[in-house]
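Heads up, the thing below is written out as structure tokens.
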Amino acid sequence: MGHWLLKTEPDVFSFDDLLRAPGRTTGWDGVRNYQARNFLRDGMKKGDLVLIYHSSADPPAVAGVAEVVREGYPDPSQFDPKDDHYDPQSAPAAPRWYQVDVKAVRKLARPVSLPEIRQTKALAKMPVVQRGQRLSVQPVGAKEFDLIVRMGEQ
DNA sequence: GCCAACGTTGGC
DNA sequence: GCCAACGTTGGC
């Protein structure tokens, strides 16, 4: 089973928003980076577990756990001229951008903050703590995933 | 194909 | 608000 981290700005869409969404599920749309797109389209599998990470928050932190309930399919927002993520260069016959559906599993008892992750030796190699790392979809090691969840359940 | 300019991300 | 890091664009 795969493990991932998805970034979101909580002002735009938070883990609580995911909990309130119909079926506690949402399409993870709007990702416009090719490396992240490849993970969404090719890497993420049904049943994979996901850390939902709040970026541009104070402090930035992992807020909860979700799971992939639908594998990669074309992101509809790329075809909607009224959407902020509209991409006029993407043709429906050859979609450029993909999304998955994720469902909330549970909110952590407490958020696990970026400074805390940074201070934890076993987590220091995670992409999210690397300087200048902007990728909004990142693979996570199983041990790292479990440790963060354990920290968040204390 | 190179690379300067520009835009975006995201921590601080 | 600043700015480092990085990706994309476009002139040549």
Side-chain angles (χ1 to χ4, degrees), chain A residues 2-21 26-44 48-68 72-102 104-105 107-141 143-154:
Chain A
H3 299 80
W4 306 90
L5 180 147
L6 291 175
K7 291 185 189 173
T8 182
E9 294 186 34
D11 292 348
V12 178
F13 190 86
S14 68
F15 191 80
D16 286 337
D17 291 327
L18 181 59
L19 286 172
R20 285 191 292 265
T26 195
W28 205 261
D29 64 1
V31 174
R32 297 292 181 265
N33 169 281
Y34 286 105
Q35 196 179 349
R37 185 279 311 270
N38 292 344
F39 286 135
L40 291 168
R41 187 188 59 188
D42 310 324
M44 300 178 81
D48 284 0
L49 293 174
V50 176
L51 299 171
I52 302 297
Y53 173 85
H54 286 168
S55 62
S56 296
D58 190 20
V62 174
V65 177
E67 72 170 303
V68 177
Y73 63 101
D75 175 350
S77 69
Q78 70 195 302
F79 304 125
D80 180 357
K82 294 186 293 295
D83 196 286
D84 285 346
H85 300 288
Y86 176 57
D87 182 353
Q89 301 197 72
S90 181
R96 180 177 292 185
W97 306 114
Y98 281 71
Q99 65 181 46
V100 297
D101 286 355
V102 295
V105 173
K107 187 174 180 173
L108 295 179
R110 62 171 190 88
V112 178
S113 74
L114 182 60
E116 196 178 349
I117 293 171
R118 190 163 269 144
Q119 286 163 17
T120 304
K121 265 265 164 55
L123 302 175
K125 293 206 171 135
M126 292 183 68
V128 74
V129 304
Q130 305 309 315
R131 177 186 186 81
Q133 179 53 262
R134 300 184 302 172
L135 197 59
S136 63
V137 181
Q138 304 180 359
V140 174
K143 287 180 181 169
E144 294 167 333
F145 187 98
D146 290 342
L147 179 53
I148 287 179
V149 170
R150 258 182 287 138
M151 289 163 69
E153 294 300 345
Q154 280 172 6

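Note: hydrogens, waters and symmetry copies are ignored here, and every other heavy atom, side chains too, is used. Each chain gets a letter, A, B and so on, in the order its sequence line appears, and its residues count up from 1.
In this structure, A/D17 pairs ionically with A/R20, as a charged nitrogen and a carboxylate oxygen lie closer than 4.0 Å. Salt-bridge annotation for A/R32 and A/D87: absent, with no side-chain N of the basic residue lying under 4.0 Å from a carboxylate O of the acidic one.
Contact check, A/R131 against C/dA5: a side-chain N or O comes under 4.0 Å of OP1 or OP2. Applying the 4.0 Å criterion to OP1 and OP2 of B/dT9, one finds that A/Y53 has every side-chain N and O outside that range. For A/K7 and B/dT9, the shortest distance from a side-chain N or O to OP1 or OP2 is not below 4.0 Å.
Among the heavy atoms of the strands lying under 4.0 Å from A/R118 are primed sugar atoms or P, OP1, OP2 only; no base atom is included.
One can place CG of A/L5 at 17 Å from P of B/dT9, the figure rounded to the nearest angstrom. Counting to the nearest Å, the P atom of C/dT9 and the CD atom of A/Q89 are 7 Å from each other. For A/D87 and C/dG7, the CG to P distance is 18 Å, given to the nearest whole Å. Distance A/R96 CZ to C/dT8 P: 10 Å, rounded to the nearest Å. Between A/N33 atom CG and B/dG7 atom C1' there is a gap of 14 Å when expressed in whole angstrom units. Atom CD of A/Q35 and atom P of C/dG7 are 7 Å apart (whole Å). In this structure, the CD atom of A/E9 is 13 Å from the P atom of B/dT8, given to the nearest Å. For the pair A/L135 CG and B/dG10 C1', the computed distance is 13 Å after rounding to whole Å.
To the nearest 0.5 angstrom, A/D75 atom CG is 13.5 Å from A/R41 atom CZ.
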Task: CA sep, side-chain torsions, deciding dist, call: A/Y34, A/W97, ring-ring contact (aromatic ring centres under 6.0 Å, His included) - done: CA-CA 8 Å; A/Y34 286 105; A/W97 306 114; 4.7 Å; yes

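In this structure, of B/dT8, B/dG11, B/dG10, it is B/dG11 that holds the atom nearest to the side chain of A/P60. For A/Y34, the side-chain atoms get nearest to C/dT8 when compared with the rest of C/dC6, C/dT8, B/dG11.
Between the side chains of A/Y73 and A/D101, at least one donor-acceptor pair of N or O atoms lies under 3.5 Å.
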